[in-house]
2 protein chains.
Amino acid sequence: MEAVAVALQILERDGPDGLTMRSIAAEMGIRAPSLYKHIEGKEELEALLIADSLRRSGKAMHDAVASLSARAGRRAALTALGHAYRAWALAHPHLYRLATGGPLPRERLPTGLEAWAAEPLVRAAGSQERARAAWAFAHGMTILELDGRFPPEADLNAAWESGLQALSR
Amino acid sequence: MEAVAVALQILERDGPDGLTMRSIAAEMGIRAPSLYKHIEGKEELEALLIADSLRRSGKAMHDAVASLSARAGRRAALTALGHAYRAWALAHPHLYRLATGGPLPRERLPTGLEAWAAEPLVRAAGSQERARAAWAFAHGMTILELDGRFPPEADLNAAWESGLQALSR
DNA sequence: GTCTATAGTGGGATAGAC
DNA sequence: GTCTATCCCACTATAGAC
């Protein structure tokens, strides 16, 4: 199993604090210094993880709109994307956080990947401004939920519903 | 100058990585160990910083709606809050990030502070669900801007405008 | 309240031999 | 590609004398 796959597994299992060059090496059955023959360093590793996240979450977004009927409106598309976005993030919380927290290492990412992942939303929203507003809403809902910032009794389904409805008009 | 004020100054000047027990002590003219006679530890310190952030940003929110005319509608209130929210965060980026990233240490915060800070938004939005959606949008826009996640050419004013308009209907 | 000294932990990264 | 041996860094925290 190569380094990135192992790192992914550790990240999802132990969280970001558990992901160290040492822990990756240990899981691979080698010593930490040997890892540097496989990977440049930690920055490179994180960029590879982010790229993987973009590829997989982007796929989930493309799939979400692909299954809609041709006559589905903006409301249906944004709702489908919102649900898929939230579901993906809740299923991969640590990876989501890694990929969306802090600056994007754009120089280290494959050209076009970021745009491809955003494509379904831009199409569904109808304009760049609306897409950015919708993304901000979705990311805000998601990260606040992951961080446990909403009160325990909060009805998050209702908040998503309310926001998606408003933003699709 | 006591510890919290010094910590605040270092945080805003050098960012979170520059904020260590050593740096705080140095700035106060004492050694790191002596700091523990003033403050329990780093968790306590961060909770105090977060409380300060809630107090000051909450004040900005209360002020933003207080200056509205009595006949102002929901749209005007949400717009004023949105602008004040963004302005406050951009003026205190490191503190904003500290106070909104990760779980809230609710046990360490003064009772009622969180609710008080949220009050203007809940009132302006008209319901808890709408308030949560609006907060998610505002936080999403803000943190994505702070993290440089939007493309450089993005028109963030337009995105704010678009989102606030949609969410105030 | 302050100091010196130190414990204990963890991290990323490199040199050079095999 | 792998190893051993290190280096460097940084941090929180405590003990005990003054």
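Chain letters run A, B, ... following the sequence lines, proteins first and then strands; every chain starts at 1. Computed from heavy atoms alone, side chains included, the values below leave out hydrogens, waters and symmetry copies.
Rounded to whole angstrom, the span from the CZ atom of B:R31 across to the P atom of C:dA5 amounts to 10 Å. When rounded to the nearest whole Å, the span between CD1 of A:I39 and C1' of D:dG1 equals 14 Å. Per the geometry, CG belonging to A:D14 stands 15 Å off C1' belonging to C:dG10, to the nearest Å. What separates CG of A:D17 from P of D:dC11 is a distance of 16 Å, to the nearest Å. Regarding B:I24, its CD1 atom lies at a distance of 16 Å from the P atom of D:dA10, rounded to whole Å. Regarding B:H38, its NE2 atom lies at a distance of 12 Å from the C1' atom of C:dC3, rounded to whole Å. Rounded to whole Å, the distance from CG on B:L45 to C1' on D:dA13 is 15 Å.
Distances shown here put a side-chain N or O of B:S34 below 4.0 Å from the OP1 or OP2 atom of C:dC3.
Salt-bridge annotation for B:R108 and B:E46: absent, with no side-chain N of the basic residue lying under 4.0 Å from a carboxylate O of the acidic one.
Residue pairs meeting the salt bridge (Lys or Arg N to Asp or Glu O under 4.0 Å) criterion with at least one member in residues 150-166 of chain A, sequence neighbours excluded: A:R75-A:E161.
Checking C:dT4, C:dT2, D:dT2 against every side-chain atom of B:I30, the shortest atom distance belongs to C:dT2.
Within 6.0 Å of CZ on B:R31 lie no more than 12 heavy atoms contributed by other residues, nucleotides or ligands.
Take A:E114 and apply the salt bridge (Lys or Arg N to Asp or Glu O under 4.0 Å) test, not counting sequence neighbours, and it matches A:R106. Residues that satisfy the side chain to side chain donor-acceptor pair (under 3.5 Å) test with B:H62, not counting sequence neighbours, are B:W116. Looking at residues two or more places apart in sequence or on another chain, you find no salt bridge (Lys or Arg N to Asp or Glu O under 4.0 Å) involving A:R169.
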Inset, instruction - List the protein contact pattern of nucleotides 12-18 of chain C with one symbol per nucleotide (5' to 3'): B for base contact, S for sugar-phosphate-only contact, - for none; contact means a heavy-atom distance under 4.0 Å. - result: BBBB---
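A:H92 is not listed as a side-chain neighbour of A:R97, based on a closest heavy-atom distance of 4.5 Å or more.
In the region residues 93-107 of chain A, proximity to DNA chain C at under 4.0 angstrom, judged on heavy atoms, holds for none of the residues.
The ring of B:F137 has its center closer than 6.0 angstrom to the ring center of B:W160.
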Legend entry - Step-by-step side-chain contact (heavy atoms from CB on, under 4.5 Å) determination, B:L121 to B:M61: CA-CA 8 Å; B:L121 178 56; B:M61 297 303 110; over 6 Å; no
